[in-house]
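It should be emphasised that the depicted structure is a prediction, and the values quoted were computed from it without experimental measurement. Hydrogens, waters and symmetry mates are skipped; everything else that's a heavy atom, side chains included, is used.
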Amino acid sequence: MTSSIKSFKHPSLLLSKADKCECNAAKRQMRRLDHSSPTSSLNYSNEDGRDYVRDKICGEFNTMGKDNFRTLAIILNSKKFSNATFEEISHLVKEVVFLAETCCVKGVHPSCYETGSSALSAKSCDENSPYPDHPGIAACCTQQGLERKLCLAALHQPPKEFPTYMKPSNEELCEAFKKDPQDFADRFAHEYSSNYGQAPLPVLVGSIKSYLSMVGTCCISPSPTVCFLKERLERKTLSILTTMSNRICSRYAVYGKEKSKFSTLTMFAQKIPSASFEDISPLAEDSAEVFSKCCNSMTEDCMLKELSELTTKICTKLSSKDEKFSDCCNGKNLLENYFCMYSLQPAKSPQLPELQRPTDEQLCTGDGSHQMDRFIFEKARRQTSIPEVFLSKVYDATHNLINGCCPAADSIACVSSKRPQLRGEIFKFLAKANELCGEYNDLTFLKFKQRLKESFSKTMPDATPASLAELVEQRANFTSTCCIMNAPPLYCSVKINTEVGHTCDHDSCMLI
């Protein structure tokens, strides 16, 4: 049980009174959210058995109370369906709460829950369903009974790579709050959860609780501006924790543990190219371990504690390697220090000795993957203008080669026959990536667009002004999104394929 979730109070109670005295009275009436496994409140259990599912959800509903159950249902479903509208989430939450409210009271026949949940899953399969859409729904709906419910419960949308939450002004906040406190709280919980849904649940719930408490306090304050300033300063660490944990856990959700290690390795290689592989590799290992341990943890302080300890390790090892990095390590707040490091731009590529490639024999030894990771690390620190989302494709292709050839009977022959093609593709691919991103990183945005226009005019002399302008905007949008540090991996993976195209003349390219 985590104290941040345990102490979560239903936001509608926080925001239900415009009068300060009445607001304080409402606060005294708040119920605690006290349960051990909130993520199962809206999901069917993976354990087979209808009685278990009903007893689990009803136990949580009766322990938490309707209001807290409902609020957490909004948060969980907004996390799960990050692209769903507020109306879609509201429809689903209303049905789930009604089911629990109707069938989780004492003396109700056990078949009540089974009948109600079956009707809910049937409605989800209706083509005119008002619930969040998902491409996997059709496959789930071919199944029956508990299997269908479990399948539907397992559906989720990928992390939102482009946040849509716009921070309103203090005046806009208070206007919406005073107009309808309940609606304001619900909409904020949905919007915030869908944008920061990869943050660990205790962090997300704590951040929402803190924000709504701030609004509820400051919008009835005689000096709202001063109040908001004070409250935002007090919640700064929590705000950074939510933002950072959402970013790193979003990447972890896409990459998994091993590739997250590579991502961190590349990030530090380009921020501090003077640091060696031996300096950074253990820190990349530790980072992946923290993400693995805390991104789905229900322990309240897991991310805060582990990120703080990780920051201390990073600063101890790397602060002497770079002045800007050292400046980040001088702050008193470890979480702010980590955010500072994370936000640093890539350094200029230094003059380093010629890169040594691992031999074919080395790739299929016990540390073949390690050798290839070292090679990509050395590439990254020598070409810091090529972002990790490009190098990620090199990582995938090289690991596909290792995984495909090394188990073979004649592994060395397999590597030797395929590696020349891959090497050629990587050379062309990175040259194109450097061409796309090098100028973007060196020039101002306006000068970069002007350079694009000149380049397209030379290569496409017959193009009309309108089509040239469209090409310039398309390329500028791509580079401004994917030629930056911490670029969105899913979006950019698709866009890179479009912009770079194939890197070989064969029927089957190894790097795609």
Side-chain angles (χ1 to χ4, degrees), residues 2 4-17 23 26-27 30-33 35 38-43 60-61 64-98 100 131-132 156-157 159-160 163-168 172-219 231-232 235 238-239 241-243 245-246 249 298 300:
T2 63
S4 91
I5 295 182
K6 183 178 179 180
S7 61
F8 178 78
K9 297 157 180 105
H10 184 52
S12 67
L13 292 179
L14 272 172
L15 304 174
S16 61
K17 305 294 181 182
C23 183
K27 288 180 181 179
M30 291 182 215
R31 294 191 294 273
R32 288 181 175 273
L33 182 66
H35 60 104
T39 54
S40 65
S41 295
L42 242 206
N43 298 321
E60 292 179 349
F61 176 81
M64 294 159 57
K66 177 183 174 180
D67 288 340
N68 284 324
F69 184 89
R70 176 181 169 277
T71 299
L72 196 59
I74 293 173
I75 294 171
L76 287 169
N77 278 283
S78 299
K79 274 171 57 74
K80 185 178 176 183
F81 299 110
S82 58
N83 293 318
T85 65
F86 175 70
E87 288 70 26
E88 289 170 337
I89 295 295
S90 296
H91 279 298
L92 182 56
V93 168
K94 181 180 178 182
E95 296 277 7
V96 170
V97 173
F98 178 76
Y131 306 144
H156 64 277
Q157 294 170 348
K160 186 177 285 187
T164 57
Y165 177 65
M166 302 292 291
K167 292 182 179 178
E172 289 170 328
L173 277 177
C174 290
E175 182 181 351
F177 156 70
K178 291 174 181 176
K179 182 179 179 182
D180 190 334
Q182 176 71 67
D183 184 68
F184 171 84
D186 290 350
R187 287 180 182 275
F188 175 77
H190 158 69
E191 190 72 14
Y192 201 78
S193 299
S194 65
N195 278 272
Y196 297 94
Q198 293 302 309
L201 185 62
V203 173
L204 183 62
V205 168
S207 194
I208 290 172
K209 168 196 167 185
S210 169
Y211 188 90
L212 293 174
S213 179
M214 174 184 72
V215 173
T217 299
C218 293
C219 287
E231 292 285 334
R232 284 194 170 100
R235 70 183 303 273
L238 180 56
S239 180
L241 178 64
T242 309
T243 300
S245 59
N246 179 67
C249 292
M298 289 305 301
E300 178 192 12

| remark: Closest non-hydrogen contact found for Pro168 with Leu173 is CG-CD2, 3.5 Å
| field | Within-4.5 Å side-chain heavy-atom neighbours: Ile208 and Ser193 | value | yes
| Straight-line distance of Leu238 CG to Lys209 NZ, nearest 0.5 Å | 10.0 Å
| query | Heavy atoms, side chains only, cut-off 4.5 Å: are Ser207 and Tyr196 in contact? | reply | no
| task | Applying side chain to side chain contact (heavy atoms under 4.5 Å, CB included), name anything that partners Ser82, two or more places apart in sequence or on another chain. | result | Gln157, Lys160
| field | CZ-CD distance between Phe69 and Glu60, expressed to the nearest 0.5 angstrom | value | 7.5 Å
| Rounded distance (nearest 0.5 Å) linking atom CE of Met214 with atom SG of Cys219 | 8.5 Å
| Is Cys218 close enough to Cys174 that their SG atoms are under 2.5 Å apart? | no
| field | Min side-chain heavy-atom separation Phe86-Asp186 under 4.5 Å | value | yes
| said: Among His190, Glu191, Glu88, which residue satisfies the side-chain hydrogen bond (donor to acceptor under 3.5 Å, both in side chains) criterion with Ser78? | reply: His190
| remark: When every non-hydrogen atom of Ala189 is compared with those of Ile74, the smallest separation belongs to CB-CG2, 4.1 Å
| message | To the closest 0.5 Å, what do you measure between CE (Met64) and CG (Leu72)? | response | 4.5 Å
| side-chain hydrogen bond (donor to acceptor under 3.5 Å, both in side chains) involving Glu231 - partner list, sequence neighbours excluded | none
| said: Using 0.5 Å steps for rounding, measure from the CG atom of Asp67 to the CZ atom of Arg70. | reply: 7.5 Å
| Do Ile75 and Leu201 have side chains that get closer than 4.5 Å, going by heavy atoms? | yes
| remark: Residues passing the ring-ring contact (aromatic ring centres under 6.0 Å, His included) test with Tyr211, sequence neighbours excluded, are Phe188
| Who pairs with Phe81 by ring-ring contact (aromatic ring centres under 6.0 Å, His included), at least two apart in sequence or on another chain? | none
| Heavy-atom pair with the smallest gap, counting every atom of Asn195 and Tyr165 | OD1-N, 3.2 Å
| task | List in chain and number order the residues that pass ring-ring contact (aromatic ring centres under 6.0 Å, His included) with Phe98, two or more places apart in sequence or in another chain; answer none if no residue qualifies. | result | none
| note | For Glu87, the salt bridge (Lys or Arg N to Asp or Glu O under 4.0 Å) test, sequence neighbours excluded, returns Arg187
